[in-house]
Chemist: 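Take a look at the following structure, please.
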2 protein chains.
Amino acid sequence: MSSDVSSPTRTTALDPAAAAPTRWLDAEEQRAWRAYMYSWMLLEDRLDRELTRETGISHAYYEILVQLSEAADRQLRMSELAERCLSSRSRLSHAVSRLEERGWVRRQVCAEDGRGQLAVLTDEGFAALEAAAPVHVEGVRSHLFDQLSPAQVAAMRDIGETVLRHLAER
Amino acid sequence: MSSDVSSPTRTTALDPAAAAPTRWLDAEEQRAWRAYMYSWMLLEDRLDRELTRETGISHAYYEILVQLSEAADRQLRMSELAERCLSSRSRLSHAVSRLEERGWVRRQVCAEDGRGQLAVLTDEGFAALEAAAPVHVEGVRSHLFDQLSPAQVAAMRDIGETVLRHLAER
DNA sequence: TCCAAGTGGTTGAGCGTTTTACTGTCTCGC
DNA sequence: GCGAGACAGTAAAACGCTCAACCACTTGGA
């Protein structure tokens, strides 16, 4: 235990007073952080695996289809879609290419801006989403909401929105 | 909006009474879920990028080094290490190979079980962890704990542990 | 003692993501 | 108009993860 770098009792300062002393996490904070991180990692993994196994659609693809389905005319500019999916443009470009191969999305040049591309959800894509949605929702429900009290759900939202306000400011 | 598959008002049942009707998320639940998911995705991405940029160590590698540093004699069986890192054996095996190339970890055959391998943290690896730890902790502190009230931190831990109990049962 | 089944770990191929660079288009000041 | 710079999106290569197959060793029973 004396070799534990993240030990809260550690106060060594190798840097010559240049940087501020590290504000280590105490034991309680470490527990909170670990619980938060691990629970999310397990949840993410579980939802993605169940969705992929039962529908053949990964959570990443699902998110793209959802965003398109919610957009006007079921279409969005590539960059707008990337932003809504918290995805890089490159990643989204690759992903849309793969969805195009499945016939679920098609690209279309943007009329207003010759540089732009529109990603359009096809009927087949919408049908695939319709088939996958119940599986996804049931996963979120059973692994998350069914486990939490209404107060915990409210707290979850509150925490999420607080962190989001901090991180999403640009 | 009428095309929104995840709309809470949707009650279509295409399946002939075989499966139970989908328990869709209502608007409040959707907000909570989205806030929770997006905030975690942004936080994860932010922490990983900052850590990688400033120390050259990804969050995945960092986790491996932490687990080894906290273990007795700074060494663990590969499978035990994989479990603690919430990683697959294959993934860990690849990762350890890369850490070995950096000279931060070395493999050693296990004395008690000839099939087993021990991953051992080297002094160089420990030094790398010591250098990275303040950066990581400061990231978690500034992007998470500094944003939350003590009550929110307590709730975060509570939620995390609740979900963990559900998902970690094996 | 020997063999079958189980376990621990690695390997390689395929796939998805990241990074960097690049192409084509738009915008704005001259 | 026209050229410089910004912007939208894509391409290529390197990297990491997943999946399935595999090897080596151990265990337990005949």
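We name chains A, B, ... by the order of the sequence lines, and we start the count at 1 in each one. Not measured: the values here are computed from a predicted model.
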Chemist: Quickly work out the B:Leu81 CG to C:dG8 C1' distance and round it to whole Å.
Modeler: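 It is 14 Å, rounded to the nearest whole Å.
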
Chemist: Could you give the CZ-to-C1' distance, from B:Arg77 to D:dC25, as a whole number of Å?
Modeler: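 Atom CZ in B:Arg77 sits about 11 Å away from atom C1' in D:dC25.
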
Chemist: CG of A:Leu92 versus C1' of C:dT18: gap in Å, rounded?
Modeler: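 It works out to 14 Å between those atoms.
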
Chemist: In whole angstrom, give the distance that lies between atom CZ of A:Arg91 and atom P of C:dC15.
Modeler: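 The distance from CZ of A:Arg91 to P of C:dC15 comes to 18 Å, rounded to the nearest Å.
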
Chemist: Quick check: any donor-acceptor pair below 3.5 Å linking the side-chain of B:Arg115 to the base of C:dT7?
Modeler: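 By the distance-only test, yes, there is a pair.
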
Chemist: CZ of A:Arg89 versus C1' of D:dA12: gap in Å, rounded?
Modeler: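 Interatomic distance, CZ of A:Arg89 to C1' of D:dA12: 19 Å.
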
Chemist: Reckon B:Gln117 has a side-chain N or O less than 4.0 Å from the OP1 or OP2 of C:dG8?
Modeler: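 No, B:Gln117 has no side-chain N/O under 4.0 Å of OP1/OP2 on C:dG8.
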
Chemist: Could you give the CD-to-C1' distance, from A:Glu80 to D:dG9, as a whole number of Å?
Modeler: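 Answer to the nearest Å: 15 Å.
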
Chemist: For A:Leu86 and C:dT18, what is the distance between atoms CG and P respectively, to the nearest whole Å?
Modeler: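 Going from CG in A:Leu86 over to P in C:dT18 covers 12 Å.
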
Chemist: Could you pick out which residue, B:Glu112 or A:Ser79, lies toward the 5' side of DNA chain D when each is mapped onto its nearest nucleotide?
Modeler: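 Result: A:Ser79.
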
Chemist: Measure CZ/A:Arg98 against P/C:dT17 and give the value in whole Å, please.
Modeler: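 Between P of C:dT17 and CZ of A:Arg98: 5 Å.
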
Chemist: For D:dA20, take OP1 and OP2 only and decide whether either is under 4.0 Å from a side-chain N or O of B:Ser90.
Modeler: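 No, because none of the side-chain N or O atoms of B:Ser90 sits under 4.0 Å from OP1 or OP2 of D:dA20.
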
Chemist: Does the pair B:Tyr61 and B:Arg98 meet the rule for a side chain to side chain donor-acceptor pair (under 3.5 Å), with working shown?
Modeler: CA-CA 9 Å; B:Tyr61 288 6; B:Arg98 293 186 295 262; 2.7 Å; yes

Chemist: Establish, with yes or no, whether the OP1 or OP2 oxygen of C:dG9 is under 4.0 angstrom from a side-chain nitrogen or oxygen of B:Ser93.
Modeler: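 Answer is no, no contact under 4.0 Å.
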
Chemist: Closest-nucleotide mapping onto DNA chain C: is A:Asp113 or A:Ser87 further toward the 5' terminus? I mean the 5' end.
Modeler: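 The answer here is A:Ser87.
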
Chemist: Are OP1 or OP2 of D:dT10 and a side-chain N or O of A:Arg107 less than 4.0 angstrom apart?
Modeler: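 Yes.
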
Chemist: Above 12 or not: heavy atoms from other molecules or residues under 6.0 Å from CZ of B:Arg31?
Modeler: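 Open: at most 12 neighbouring heavy atoms sit under 6.0 Å from CZ of B:Arg31.
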
Chemist: What I want to check is whether an N or O donor and acceptor connect the side chain of A:His94 with the base of D:dG9 at under 3.5 Å.
Modeler: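 For A:His94, whose side chain was compared with the base of D:dG9, there is no donor-acceptor pair (under 3.5 Å).
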
Chemist: Between the side chains of A:Ser39 and B:Glu161, does any donor sit under 3.5 Å from an acceptor?
Modeler: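 Per modelled atom types, A:Ser39 and B:Glu161 side chains form no pair under 3.5 Å.
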
Chemist: Using a heavy-atom cut-off of under 4.0 Å over every strand shown, decide if B:Ser97 touches base, sugar-phosphate, or nothing.
Modeler: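 Counting heavy atoms under 4.0 Å across all strands, no contact is made by B:Ser97.
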
Chemist: Between A:Val140 and B:Leu25, is there a side-chain heavy-atom distance shorter than 4.5 Å?
Modeler: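 They are in side-chain contact.
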
Chemist: Under the criterion side chain to side chain donor-acceptor pair (under 3.5 Å), I'd like the reasoning laid out for A:Arg107 against A:Ser97: C-alpha separation, chi angles, the key distance, then a yes or no.
Modeler: CA-CA 9 Å; A:Arg107 275 179 237 249; A:Ser97 296; 2.4 Å; yes

